Amino acid sequence: MQSFTYLSPTEVIFGKDTQNQAAEYVRKYGGTRALLVYGGGSVVRSGLLGQVRHVLDESGIACEEFGGAMPNPTLEHAREGVRLALGFQADFILGIGGGSAIDTAKAIAIGAANPETDLWDFWCRKETAGSALPTGAILTIPAAGSETSNSSVLTDTATGSKRGLSTDLNRPKFAIMNPELTYTLPLYQVACGVTDIMMHTLDRYFNPVDNELTDAIAEALLRTVIAKGRIAIKDSHDYDAMSNLMWAGSLSHNGLTGLGGPGDFAVHQLGHELSAMFGTAHGASLSTVWDSWALAVCPEKPSRFARYARNVWGITGTDENAMAMAGIQATREYFKELGMPVNFGENQDIGIQDDKVLRELAYRCSFQRTRTIGNFKVLDEENIYEIYQKANR
Ligand code: NZQ
Ligand code: ZN
């Protein structure tokens, strides 16, 4: 087991009607003037924003609202939020919605605490942020795990770059998680969320270091998400299924499922370029490339893929390579069952692309030839290109 630090400080308030405790927790973490950050309007239509606003107003917390965070939220929008937070003198940023709203809230919290530095300099690692306003999250979709993660992902539409910033400053002080708030989700978004939760675990599980406890936790989480995902994509009003998915979403991305290993995260990096170029939903960007990545890296350590097949999919056998292939096949079939695309051709936002586009994607994914991605197998620009090529069917 490699050495690690593990910090997961977010206070989780889980269960029915927990959104009514929002004021108590904003106050607990020092908020007296809260900026409420939300997305394209689902929380307005569901009445959640009004409810939260009501409890905050009642308890004397001053509020300003900032909507419009779109899936794959933009730098430009976050900058606008920073200006608003500064003008309002916000001392607390509350994200209400999914990863896009919560990531925008986190970005505003860093930007408002460091007004002299442009946000993007932090996301491009030119500058290191030393402070942030406190944030909280009221989650409406089990997916990105942003409610407890240390990460915030923004897209600069001017350059077509999607970048994540990982820092403990991004850990929300609290996360309110009421599974009933997910009942209004379109089934496609449920499927995207299930895919992303799986992928946060898979992108850690496939790494060069074996760790029995961490691996067993990851496998249990995957089995649960696969089973509950099957129920949720038919009925997003199933409280038990949505509860399990919601909690799995947090656990899959707060660090727990990768402790003691270096992680991999190549699939996330491959997917981010697809979202940046084609605007495809995050979950769909990952399923689009996963099996092409898996087939490319499996020869590094087929025993790992065989273990995955056995412990997650219940596949038996003695031939390691055959089991590994069966595990990859089972994952691909499951994504299809969810209605997720498993290649470029099946992804409505992408479609079959020219070789020039594949080269450009690989160039961008290697950050203009300045980095490799992955640890299970380290991938350079050429390896990345070959994976996109394999997925281009
Ligand atoms: O914008 P609104 O109107 O709220 O609608 C959203 C959006 O259209 C809708 N939605 C969410 N909850 C709903 C609902 N519709 C009806 N009822 C509800 N209860 O679902 C759509 C997707 O929402 P979004 O917030 O984009 O989803 P998700 O949570 O998947 O977040 C995706 C973003 O998070 C980033 C992704 O890259 C992407 O930008 N990620 C953030 C991470 C992190 N901070 O740790 C890690 C992830 O790997 C990921 O990269
Ligand atoms: Zn993700």
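Predicted, not measured: the structure shown is a model, and the values here were computed from it. Whatever order the structure lists ligands and atoms in, that order sets their numbers, starting from 1. All residue numbers in this chain count up from 1 along the given sequence.
Checking Ala101, Gly99, Ser42, Gly249 against atom 29 (O) of ligand 1, the nearest heavy atom belongs to Gly99.
No donor-acceptor pair under 3.5 Å is formed between the side chain of Glu360 and the backbone N or O of Lys356.
Counting protein heavy atoms only, atom 26 (O) of ligand 1 is closest to Ser100 OG, 2.6 Å. The protein heavy atom nearest to atom 45 (O) of ligand 1 is Ser149 OG, 2.6 Å. The protein non-hydrogen atom at the shortest distance from atom 36 (C) of ligand 1 is His282 CG, 3.5 Å. Counting only heavy atoms of the protein, atom 2 (P) of ligand 1 lies nearest to Gly40 N, 3.3 Å. Among protein heavy atoms, atom 17 (N) of ligand 1 sits closest to Thr184 OG1, 2.7 Å. Nearest non-hydrogen protein atom to atom 12 (N) of ligand 1 is Thr140 OG1, 2.8 Å. Regarding atom 21 (C) of ligand 1, its nearest protein heavy-atom neighbour is Gln189 CD, 3.4 Å.
Under a 4.0 angstrom heavy-atom cut-off, Gly97 registers as lying outside contact with ligand 1. Using a non-hydrogen distance threshold of 4.0 Å, Gly41 registers as a contact of ligand 1. Residue contacts with ligand 1 include Pro186, since one or more of its heavy atoms lies under 4.0 Å from the ligand. Residue contacts with ligand 1: His272 is included, with a non-hydrogen atom under 4.0 Å away. Ligand 1 is never approached by Met70 to a heavy-atom distance shorter than 4.0 Å. Val43 does not count as a contact of ligand 1, since none of its heavy atoms falls under 4.0 Å from the ligand.
In this structure, Lys16 satisfies the cation-pi test against Tyr239, with its NZ or CZ atom closer than 6.0 Å to the six-membered ring centre and inside 45 degrees of the ring normal. Cation-pi geometry between Arg33 and Phe88 is met: under 6.0 angstrom from the ring centre, within 45 degrees of the axis. Figure legend: cation-pi geometry between Arg310 and Phe305 absent, as NZ or CZ is not positioned both under 6.0 Å from the six-membered ring centre and within 45° of its axis. Note that Arg304 lies in the cation-pi zone of Tyr205, set by a 6.0 Å cut-off to the ring centre and a 45° limit from the axis. The cationic atom of Arg204 (NZ for Lys, CZ for Arg) does not lie both less than 6.0 Å from the six-membered ring centre of Phe265 and within 45° of the ring axis.
Here the side chains of Leu75 and Thr157 are not in contact, with every heavy-atom distance at 4.5 Å or above. Between Trp123 and Ile110 there is a side-chain heavy-atom pair separated by less than 4.5 Å.
Aromatic rings from Tyr363 and Tyr385 are positioned such that their centres are separated by 6.0 Å or more.
Applying the salt bridge (Lys or Arg N to Asp or Glu O under 4.0 Å) test to pairs two or more places apart or on separate chains, those with a residue in residues 216-227 are Glu219-Arg307. Applying the ring-ring contact (aromatic ring centres under 6.0 Å, His included) rule to pairs touching residues 315-354 yields Trp313-Tyr334, sequence neighbours excluded.
Residues meeting the salt bridge (Lys or Arg N to Asp or Glu O under 4.0 Å) test with Glu76, sequence neighbours left out: Arg79.
Around the Zn ion (ligand 2), protein atoms of type N, O or S found under 2.8 Å number 4.
The shortest N or O to N or O distance between Leu181 and ligand 1 is below 3.5 Å. Ligand 1 has no N or O atom lying under 3.5 Å from any N or O atom of Thr182, backbone or side chain.
In this structure, Gln368 places its CD atom where more than 12 heavy-atom neighbours from other residues, nucleotides or ligands lie under 6.0 Å away.
If you number the atoms of ligand 1 from 1 as listed, the ones under 4.0 Å from a heavy atom of Gly39 come out as 1 (O).
Between Trp290 and Trp293, the angle of the ring planes lies from 30° to 60°, which puts this pair in the tilted group.
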